[in-house]
Amino acid sequence: MSNNRYIAALDIGTHTIKALVVNQKNGNDLEVAFQTQRESRGVRRGIVVKPEEVSYILQDISRQMKAELNKNIDSLYVNVDGSHLFCQPSHGLISVSRADQKISEEDVSRVLQEAQAISLPLNKEIFDVVPQEFIIDGVKGIKEARGLQGVRLEADVLVLGGFGPYLKNHTQAILSSDFEILNRIPSPIAAAEACLTERQKELGAAVVDIGAGTSGLAVFKEGDLIHLAILPMGSGNITEDIAIGFKTEMDIAERIKLEYGSCQIEKKREKFKIEGEEPVVFSQKQLLAIVVPRVSEIFSEINRHLKSISKEKSLPGGVVLTGGGAKLPKIAELAKKELKLPVRIGKPRDILSIDDPIWSVSWGLILNDLNLENQENSSAGPAGGITNKIKQMFRVFIP
């Protein structure tokens with residue numbers, strides 16, 4: 001008898017809203033069962049500003065899902081985006097509770113809760129805590145504490161949070177569409193799940209997810225997330241600059257970017273012409289003068305964040321560019337020049353039927369579920385997968 005499990009992901013972006021459903025057959029084989037994208041409304045620079053408009057789109061996606069799959073999908077993994085998101089290092093310390101000094105799951109939970117006790121403005125909320133290392137009686141660098149012995153347990157973590165009203169809008173849009181949120185994950189972390197290998201995360205690597213309204217950065221070292229940032233700029237800014245520079249409409253500017261945009265001169269043709277009510281005639285040199293400064297600005301901001309954590313020019317695993325903006329020709333070459341690091345374009349890994357960078361976040365959300373499932377089913381010993389299970393306890397709880 002077949003045992004199929006459906007895993008659904010939702011990527012709410014500035015330009016498009018994407019939904020992906022994967023069928024896990026007999027607990028192993030993966031097959032894309034549903035895939036769609038819609039023009040986004042009610043979202044500004046990754047932030048849900050009009051929940052009712054987003055909800056309307058999601059309801060339509062839900063109906064299409066049901067019709068094509070002949071099945072109700074009522075729970076899914078979702079991304080969260082926007083420059084209001086923040087990460088902050090924190091530290092927790094507790095005394096081990098058991099008389100035999102053996103660290104329990106409850107001890108790990110308590111120290112992570114203690115690490116969340118930080119002072120924040122009333123309009124900011126924490127939605128996740130990411131352990132970086134545990135310290136037992138002064139011994140550092142411990143990745144899994146459960147089952148070990150000690151008197152004092154400490155944890156260094158990254159606390160992730162955002163602006164409360166924006167998080168509430170995000171939640172409202174999804175719940176009012178009759179979907180249940182299994183977990184919500186910042187877009188660049190999901191993209192990293194889809195595009196980075198474990199070896200890259202161990203060596204030290206970064207993902208830059210270039211969307212229409214935002215560019216997200218997630219940096220990893222020794223397998224752990226060490227920095228998260230989301231910039232309020234993306235490929236949509238390039239389109240706006242073209243519209244202003246060539247004095248044309250946004251639709252035509254987007255077409256110019258997609259058809260002729262590049263970060264280096266590639267073609268020998270001197271002039272290009274876009275037909276319309278008011279034809280636009282331009283040279284590639286003119287277009288380059290608009291595109292390159294905006295892309296360079298994005299990488300300059302990325303470099304600033306890398307410098308803030310002392311990782312500029314020092315990520316052996318390199319930088320992976322993904323998202324729709326990563327499809328701009330020669331962008332990797334410009335990134336190498338600006339960041340002084342190895343750079344490649346990242347596409348969803350481990351799935352042959354999806355090779356477009358715009359699906360990296362969606363696929364990363366799916367992989368998050370699969371990794372948790374594998375950890376929960378692992379029999380690698382008493383400590384296997386417990387850190388990730390504990391982390392799930394601190395992910396957003398929907399009011």
Side-chain angles (χ1 to χ4, degrees), residues 5-24 30-38 40 43 46 48 54 57-58 61-62 65 69 73-82 85 127-128 130 160 162 167 170-171 173-175 177 179-198 201 207-211 214 216-218 220 225 228 230 320 322-324 346-351 353-376 388-389 391-392 394-398:
R5 187 171 76 97
Y6 289 89
I7 311 163
L10 182 67
D11 175 5
I12 300 175
T14 304
H15 186 256
T16 59
I17 294 176
K18 293 176 278 292
L20 179 66
V21 180
V22 169
N23 182 10
Q24 186 179 26
L30 300 177
E31 177 184 84
V32 174
F34 178 85
Q35 186 177 2
T36 191
Q37 60 178 314
R38 307 292 176 83
S40 188
V43 182
V48 175
V54 174
I57 296 170
L58 299 186
I61 289 175
S62 178
M65 231 184 244
L69 297 176
I73 302 291
D74 53 13
S75 56
L76 37 69
Y77 294 86
V78 298
N79 71 319
V80 60
D81 207 345
L85 299 183
F127 62 83
D128 201 357
V130 182
L160 306 184
L167 294 175
H170 183 268
T171 301
I174 297 165
L175 294 188
S177 309
F179 282 123
E180 174 191 346
I181 301 174
L182 292 171
N183 192 3
R184 60 180 171 192
I185 301 173
S187 295
I189 296 178
E193 195 70 48
C195 299
L196 287 185
T197 64
E198 292 306 313
K201 290 179 182 179
V207 158
V208 178
D209 175 34
I210 307 175
T214 62
L217 169 69
F220 294 80
L225 177 74
L228 172 75
I230 297 180
V320 174
T322 194
K347 300 176 182 180
R349 60 184 176 86
D350 300 332
I351 185 161
S353 59
I354 301 177
D355 63 355
D356 192 322
I358 69 169
W359 291 97
S360 292
V361 169
S362 302
W363 180 238
L365 294 169
I366 299 286
L367 285 179
N368 173 75
D369 172 273
L370 295 172
N371 290 340
L372 288 171
E373 182 76 10
N374 289 339
Q375 287 156 4
E376 288 171 5
N388 282 282
K389 292 180 194 175
K391 283 163 62 176
Q392 287 304 299
F394 291 89
R395 297 208 185 270
V396 63
F397 292 98
I398 306 306

Step-by-step side chain to side chain contact (heavy atoms under 4.5 Å, CB included) determination, L160 to L85: CA-CA 7 Å; L160 306 184; L85 299 183; over 6 Å; no

Stepwise side chain to side chain contact (heavy atoms under 4.5 Å, CB included) test for I366 and L30: CA-CA 11 Å; I366 299 286; L30 300 177; 5.9 Å; no

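Listed here is the closest heavy atom pair of A192 and F220: CB-CE1, 3.4 Å. Between D356 and P348, the shortest heavy-atom distance links the atoms O-CD, 3.5 Å. When all heavy atoms of A190 and I185 are compared, the closest pair comes out as N-CG2, 3.9 Å. In terms of heavy atoms, L20 sits closest to W359 at CB-CZ3, 4.3 Å. When all heavy atoms of V207 and A191 are compared, the pair lying nearest together is CG1-CB, 4.0 Å. The heavy-atom pair separating L367 from A194 by the smallest distance is CD1-CA, 3.9 Å.
Distance check, rounded to the nearest 0.5 Å: NE2 of H170 to CD1 of I181 gives 6.5 Å. If you take CD on E193 and CH2 on W363, they are separated by 10.5 Å, rounding to the nearest 0.5 Å. Rounding to the nearest 0.5 Å places OG of S187 at 7.5 Å from CG of L365. The distance from the CD1 atom of I354 to the OG atom of S362 is 7.5 Å, given to the nearest 0.5 Å. How far CG of L225 is from NZ of K201: 9.0 Å, rounded to the nearest 0.5 Å. Between F34 atom CZ and N23 atom CG the span is 14.0 Å, to the nearest 0.5 Å.
For E31, the salt bridge (Lys or Arg N to Asp or Glu O under 4.0 Å) test picks out K25, with sequence neighbours left out. Under the salt bridge (Lys or Arg N to Asp or Glu O under 4.0 Å) criterion, D74 pairs with no residue at all, not counting sequence neighbours. Remark: R38 engages D60 in a salt bridge (Lys or Arg N to Asp or Glu O under 4.0 Å) (not counting sequence neighbours). Under the rule for a side-chain hydrogen bond (donor to acceptor under 3.5 Å, both in side chains), the partners of T322 that lie at least two apart in sequence or sit in another chain are S360.
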Only pairs under 3.5 Å count here: list side-chain donor-acceptor contacts from residues 6-17, not counting sequence neighbours, and write none if there are none.
from: D11; atom 1: OD1; to: N79; atom 2: ND2; distance (Å): 3.0
from: T14; atom 1: OG1; to: G46; atom 2: N; distance (Å): 2.8
from: T16; atom 1: OG1; to: K18; atom 2: NZ; distance (Å): 2.7

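Between I189 and V130, every side-chain heavy-atom pair lies at or beyond the 4.5 Å cut-off. In this structure, F127 and P186 have side chains that are in contact, with non-hydrogen atoms separated by less than 4.5 Å.
Between C195 and the choices V361, D209, V320, the side chain to side chain contact (heavy atoms under 4.5 Å, CB included) rule is met once, by V320.
Side-chain atoms of Y77 and N368 include no donor-acceptor pair closer than 3.5 Å.
Between the side chain of R5 and the main chain of V22, no donor-acceptor pair closer than 3.5 Å is present. Between the side chain of T171 and the backbone N or O of L167, at least one donor-acceptor pair lies under 3.5 Å.
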